[in-house]
Enquirer: 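Got a structure here, written out as C-alpha cells. Questions coming.
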Amino acid sequence: LPQNITVKAKYGDVVRRLQFHRPFNFSEISLKLCERFSIGRVHVSYVDNDGDVISISCTEEFEEALSCLPPDQNFRITISKFEDSHQVASVAALQHTTPTPAIEHQTSASPPVRNQSLQP
C-alpha cells in the first residue's frame with residue numbers, strides 16, 4: 001500500500017482533495033475533515049465495489065477501505081454532520097419497523113391513555 005493517499009471528501013456540494021500520510025490515525029483524519037469543512041463531529045462513509053454505502057468510524061475501517069482501493073485511484077468519501085447522519089439513521093430505522101402506540105403510565109385506576117402523536 002502507498003505511504004500517501006489522496007482523499008476526495010464531499011460534504012454537500014463541496015468537494016475537497018486532502019493528502020494523508022501513513023501511519024493513518026482516524027481521529028486525526030476526522031479532525032482534519034472537521035477543520036476543512038468547518039463542522040463539528042463528522043460521519044464518514046464511502047461506496048464499496050458492490051455499491052453499498054459503508055461507514056468508517058475507526059482507523060481499522062479506514063485501512064480496510066483503502067485495501068480494497070484499486071492502485072492509483074483516489075479514495076472518495078462522503079462527509080455528513082454526525083448529528084444529521086444519526087437523525088437520518090434513526091428515521092430510516094423507524095420506517096423499517098412497525099410502530100406500536102405508546103401507552104402513558106397512569107397512577108389512577110382509569111384505563112391507559114394512548115399517546116396520539118405516535119399513531120400512524
Side-chain angles (χ1 to χ4, degrees):
L1 291 176
Q3 292 300 312
N4 300 321
I5 186 75
T6 299
V7 173
K8 286 190 176 180
K10 182 176 182 183
Y11 175 65
D13 293 331
V14 178
V15 178
R16 297 189 188 278
R17 290 174 58 101
L18 300 105
Q19 286 284 322
F20 295 104
H21 311 282
R22 287 193 186 275
F24 298 119
N25 178 318
F26 190 71
S27 295
E28 292 174 7
I29 292 169
S30 294
L31 181 61
K32 189 171 186 178
L33 292 168
C34 290
E35 290 171 354
R36 291 288 176 96
F37 289 100
S38 301
I39 55 177
R41 292 177 60 193
V42 294
H43 176 259
V44 178
S45 62
Y46 70 101
V47 178
D48 72 1
N49 295 336
D50 296 327
D52 296 322
V53 177
I54 308 295
S55 294
I56 301 175
S57 62
C58 65
T59 301
E60 182 180 357
E61 291 174 345
F62 188 79
E63 290 276 0
E64 172 65 23
L66 291 177
S67 72
C68 300
L69 189 66
D72 300 323
Q73 183 175 338
N74 293 326
F75 184 43
R76 298 175 186 271
I77 60 174
T78 301
I79 309 300
S80 58
K81 287 183 184 177
F82 184 79
E83 297 81 18
D84 292 346
S85 63
H86 178 70
Q87 184 178 23
V88 168
S90 297
V91 169
L94 286 174
Q95 290 174 345
H96 288 83
T97 60
T98 305
T100 54
I103 298 178
E104 296 177 359
H105 177 72
Q106 294 199 340
T107 56
S108 66
S110 61
V113 177
R114 293 189 183 272
N115 183 342
Q116 297 300 318
S117 64
L118 295 178
Q119 292 291 325

Enquirer: Give a yes/no verdict on a cation-pi contact between Arg16 and Tyr11, requiring under 6.0 Å between NZ or CZ and the six-membered ring centre and an angle within 45° of the axis.
Expert: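 Not flagged: Arg16 not positioned over aromatic ring of Tyr11.
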Enquirer: With the side chain counted from C-beta on, respond yes when Phe62 and Val44 share a heavy-atom pair under 4.5 Å apart, and no when they do not.
Expert: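 Not in contact.
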Enquirer: Using the side-chain hydrogen bond (donor to acceptor under 3.5 Å, both in side chains) rule, pick out the option among Gln19, Gln73, Arg76 that qualifies with Thr6.
Expert: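 For Thr6, the side-chain hydrogen bond (donor to acceptor under 3.5 Å, both in side chains) test succeeds with only one of Gln19, Gln73, Arg76, which is Gln19.
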Enquirer: List in chain and number order the residues that pass side chain to side chain contact (heavy atoms under 4.5 Å, CB included) with Arg41, two or more places apart in sequence or in another chain; answer none if no residue qualifies.
Expert: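 Side chain to side chain contact (heavy atoms under 4.5 Å, CB included) list for Arg41, sorted by chain: Phe82.
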Enquirer: So, do Ser67 and Glu63 sit near enough that their side-chain heavy atoms are less than 4.5 Å apart?
Expert: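 A side-chain contact is absent here, since even the closest heavy-atom pair is not under 4.5 Å.
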Enquirer: Just list the side-chain donor-acceptor pairs under 3.5 Å for residues 53-60, sequence neighbours left out, or say none.
Expert:
{"residue": "Ser55", "atom": "OG", "partner": "His43", "partner atom": "NE2", "Å": "2.9"}
{"residue": "Ser57", "atom": "OG", "partner": "Glu61", "partner atom": "OE1", "Å": "2.9"}
{"residue": "Thr59", "atom": "OG1", "partner": "Phe26", "partner atom": "N", "Å": "2.8"}

Enquirer: Name the residue from Ile77, Thr78, Asn74 that meets the side chain to side chain contact (heavy atoms under 4.5 Å, CB included) definition with Lys8.
Expert: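 Among Ile77, Thr78, Asn74, the one that satisfies the side chain to side chain contact (heavy atoms under 4.5 Å, CB included) with Lys8 is Asn74.
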Enquirer: I'd like to check the side chain to side chain contact (heavy atoms under 4.5 Å, CB included) partners of Lys32; sequence neighbours left out, ordered by chain and number.
Expert: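 Lys32: side chain to side chain contact (heavy atoms under 4.5 Å, CB included) contacts with Leu18, Phe20, Arg36.
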Enquirer: Measure the spacing between CG of Leu69 and CG of Asn49 and express it to the nearest 0.5 Å.
Expert: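 Between atom CG of Leu69 and atom CG of Asn49 there are 8.5 Å.
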Enquirer: I'd like to check the side chain to side chain contact (heavy atoms under 4.5 Å, CB included) partners of Glu28; sequence neighbours left out, ordered by chain and number.
Expert: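 Counting only residues at least two positions away or on another chain, Glu28 forms a side chain to side chain contact (heavy atoms under 4.5 Å, CB included) with Asn25.
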Enquirer: Any non-hydrogen side-chain atom of Ile29 less than 4.5 Å from a side-chain atom of Val7?
Expert: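 Not touching, per the 4.5 Å side-chain cut-off.
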Enquirer: Taking all non-hydrogen atoms of both residues into account, name the closest pair between Leu33 and Ala9 and its distance.
Expert: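 Result for this residue pair: CD2-CB, 3.9 Å.
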Enquirer: What residues, two or more places apart in sequence or in another chain, satisfy side chain to side chain donor-acceptor pair (under 3.5 Å) together with Glu35?
Expert: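 Once residues adjacent in sequence are excluded, Glu35 has no partner under the side chain to side chain donor-acceptor pair (under 3.5 Å) criterion.
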Enquirer: Mind checking side chain to side chain contact (heavy atoms under 4.5 Å, CB included) for Asp13 and listing every partner two or more places apart, or none if nothing turns up?
Expert: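 So Asp13 forms no side chain to side chain contact (heavy atoms under 4.5 Å, CB included) with any residue.
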Enquirer: Do Val14 and Phe75 belong to the same hydrophobic cluster, where Ile, Leu, Val, Met, Phe, Trp and Tyr are linked whenever their side-chain heavy atoms lie under 4.5 Å apart, directly or via other members?
Expert: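 Yes, one cluster joins them.
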